[in-house]
Amino acid sequence: MAESTELSTEAGASIADAPDVDSATEELAAAPVVDELVSHSVARHYTRIALLSTLLDALSAAGKSVSPIDSDDLSPLDELHTGGRPATVELAELLAPTSGARVLDLGAGLGGPARYLARHRGCQVVGMDLTREHVEVATELTERSGLADLVSFKEGTVTALPFPDESFDAAVLVHVGMNVPDKAKLCTEAYRVLRPGGRFAVYDIMRTDEDAEPTYPLPWAGSAETSFLESPAEYRWLLTEAGFSVEEGRDLRGLALEQLSKLLALPEDQLPPLGLHVLLGDTFRVKAANLADALRRDLLAPVQLVAAK
């Protein structure tokens with residue numbers, strides 16, 4: 001595959017081609033600063049004023065209870081990845097966790113997949129997210145759903161996990177890698193915290209055309225500055241380099257396009273009370289239209305991969 005060949009060529013470059021020690025040291029020192037700036041930009045992108053009240057108001061408008069909450073009622077709001085609940089179910093099937101398995105949700109967002117795995121698969125789930133507001137709201141929604149004994153959330157970055165080695169049976173990454181520049185570190189951290197035989201299920205928007213760029217804004221990024229798209233081949237290579245064995249992959253472009261097309265065809269006054277548009281607000285149509293366009297033009301695809309340690 002082209003990505004692996006390029007990387008191998010770079011790794012095999014001669015000493016004469018390498019930068020001098022001083023410049024290399026400066027680059028290494030600058031890397032954490034760059035990552036921190038990206039993290040702050042990503043957190044700002046996902047932060048929304050009065051997020052909890054927005055979600056509860058939407059549930060009430062749809063005639064749903066807000067205390068207690070049926071966690072399945074939340075799925076149009078807390079499973080905002082392309083494909084929504086059907087994609088969550090497919091990812092859980094790929095992961096195939098046993099009841100009681102300890103699962104790490106990397107970049108858990110509002111906690112939808114974590115609560116699904118707890119309620120429908122009997123897992124004990126820890127969710128990590130970069131955005132403090134997401135952690136707070138996910139915790140509140142989980143408590144209202146009666147799942148706090150199975151699901152908890154922590155603030156932090158997926159490239160520096162605050163967990164000991166071999167402390168989880170499985171891990172999931174759902175629409176997070178697009179905002180992570182150092183996916184190699186992400187994969188090595190996931191490998192580190194998984195027990196032998198542990199499975200890692202990834203569901204990201206991936207690049208399927210190396211020569212063309214999608215139009216921004218997109219749901220995960222306002223511009224290319226905080227969007228770090230890679231091909232399925234690159235994901236497979238990074239997972240393999242981290243020590244994983246990649247077992248299976250699925251392209252969910254058809255499902256995603258079907259759902260986006262139906263939503264975009266509706267006039268404003270006919271949009272359902274629950275859905276992506278509730279959280280994206282005024283930017284919903286342009287972001288959803290740009291994503292649908294990229295999927296139709298075969299620039300991007302929502303891809304699921306599962307790997308084993």
Side-chain angles (χ1 to χ4, degrees), residues 41-64 73-88 90 107 109-113 129-131 133-134 137-138 141 174-179 203-209 212-229 251-304:
S41 296
V42 171
R44 281 198 305 271
H45 176 79
Y46 287 107
T47 298
R48 174 170 178 153
I49 296 172
L51 176 57
L52 180 61
S53 62
T54 297
L55 294 169
L56 297 180
D57 288 348
L59 282 175
S60 294
K64 308 295 184 182
D73 288 343
L74 283 168
S75 64
L77 295 171
D78 64 7
E79 296 176 46
L80 297 178
H81 46 272
T82 51
R85 172 53 66 88
T88 303
E90 288 209 31
L110 298 177
D129 200 86
L130 185 65
T131 309
E133 185 183 27
H134 281 182
V137 171
L141 294 176
V174 182
H175 279 35
V176 172
M178 302 96 74
N179 291 125
Y203 181 35
D204 272 350
I205 300 290
M206 301 185 190
R207 183 186 294 278
T208 49
D209 186 331
E213 288 294 325
T215 302
Y216 291 88
L218 288 162
W220 63 89
S223 71
E225 292 181 356
T226 53
S227 181
F228 306 96
L229 297 164
D251 184 327
L252 272 60
R253 184 171 5 198
L255 173 64
L257 263 177
E258 179 184 359
Q259 293 184 349
L260 285 169
S261 298
K262 286 181 179 178
L263 266 181
L264 288 168
L266 294 174
E268 291 294 328
D269 60 356
Q270 292 183 28
L271 287 171
L274 305 178
L276 179 67
H277 53 285
V278 173
L279 294 181
L280 293 185
D282 294 340
T283 65
F284 157 68
R285 285 197 179 274
V286 65
K287 290 179 177 178
N290 286 342
L291 177 56
D293 175 67
L295 297 178
R296 288 192 192 96
R297 293 166 57 202
D298 197 19
L299 305 183
L300 305 176
V303 176
Q304 295 184 346

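These numbers come from the heavy atoms of this one structure, side chains and all, not from hydrogens, waters or symmetry mates. Being a predicted model, the structure only gives us computed values, none of them experimental.
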- Query: Can you tell me how far the CG atom of Leu291 sits from the NZ atom of Lys287, to the nearest 0.5 Å?
  - Reply: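 Output value for this atom pair is 11.5 Å.
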
- Query: Which value, rounded to the nearest 0.5 Å, describes the distance between Leu218 atom CG and Leu229 atom CG?
  - Reply: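 It is 8.0 Å, given to the nearest 0.5 Å.
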
- Message: Apply side chain to side chain contact (heavy atoms under 4.5 Å, CB included) to residues Thr215 and Val286 and explain how you reach the verdict.
- Response: CA-CA 10 Å; Thr215 302; Val286 65; over 6 Å; no

- Aromatic rings Tyr203 and His81: how do their planes relate, parallel, tilted or perpendicular, breaks at 30° and 60°?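 Tyr203 and His81: perpendicular rings.
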
Could you tell me whether a side-chain N or O of [X] sits under 3.5 Å from a main-chain N or O of [Y], the two making a donor and an acceptor?
X: Arg285; Y: Leu264; value: yes
X: Asp204; Y: His175; value: yes
X: Thr88; Y: Gly84; value: yes
X: Gln304; Y: Ala87; value: yes

Got [X] and [Y] here, is their nearest side-chain heavy-atom distance under 4.5 Å?
X: Leu276; Y: Phe284; value: yes
X: Asp57; Y: Val278; value: no
X: Leu55; Y: Leu279; value: yes
X: Arg296; Y: Leu257; value: yes
X: Pro219; Y: Ile205; value: no
X: Thr226; Y: Tyr216; value: no
X: Leu110; Y: His134; value: yes
X: Thr283; Y: Pro217; value: no

- Worked verdict on Asp73 versus Leu274 for side chain to side chain contact (heavy atoms under 4.5 Å, CB included): CA-CA 9 Å; Asp73 288 343; Leu274 305 178; 5.7 Å; no

For the residue pair [X] and [Y], what are the closest heavy atoms and their distance?
X: Asp78; Y: Pro113; result: O-CD, 3.9 Å
X: Ala138; Y: Gly109; result: CB-O, 3.8 Å
X: Ala58; Y: Leu77; result: CB-CD1, 4.3 Å
X: Pro302; Y: Thr82; result: CB-OG1, 3.3 Å
X: Arg85; Y: Ser75; result: NH2-CB, 3.6 Å

Salt bridge (Lys or Arg N to Asp or Glu O under 4.0 Å) with [X]: which residues, sequence neighbours excluded?
X: Asp298; value: Arg253
X: Asp209; value: none
X: Arg297; value: Asp293

- Apply side chain to side chain contact (heavy atoms under 4.5 Å, CB included) to Gln259 and Leu255, showing your working. CA-CA 6 Å; Gln259 293 184 349; Leu255 173 64; 3.7 Å; yes

- Go through Glu213 and Arg207 one step at a time and tell me if the side chain to side chain contact (heavy atoms under 4.5 Å, CB included) criterion holds. CA-CA 9 Å; Glu213 288 294 325; Arg207 183 186 294 278; 3.3 Å; yes

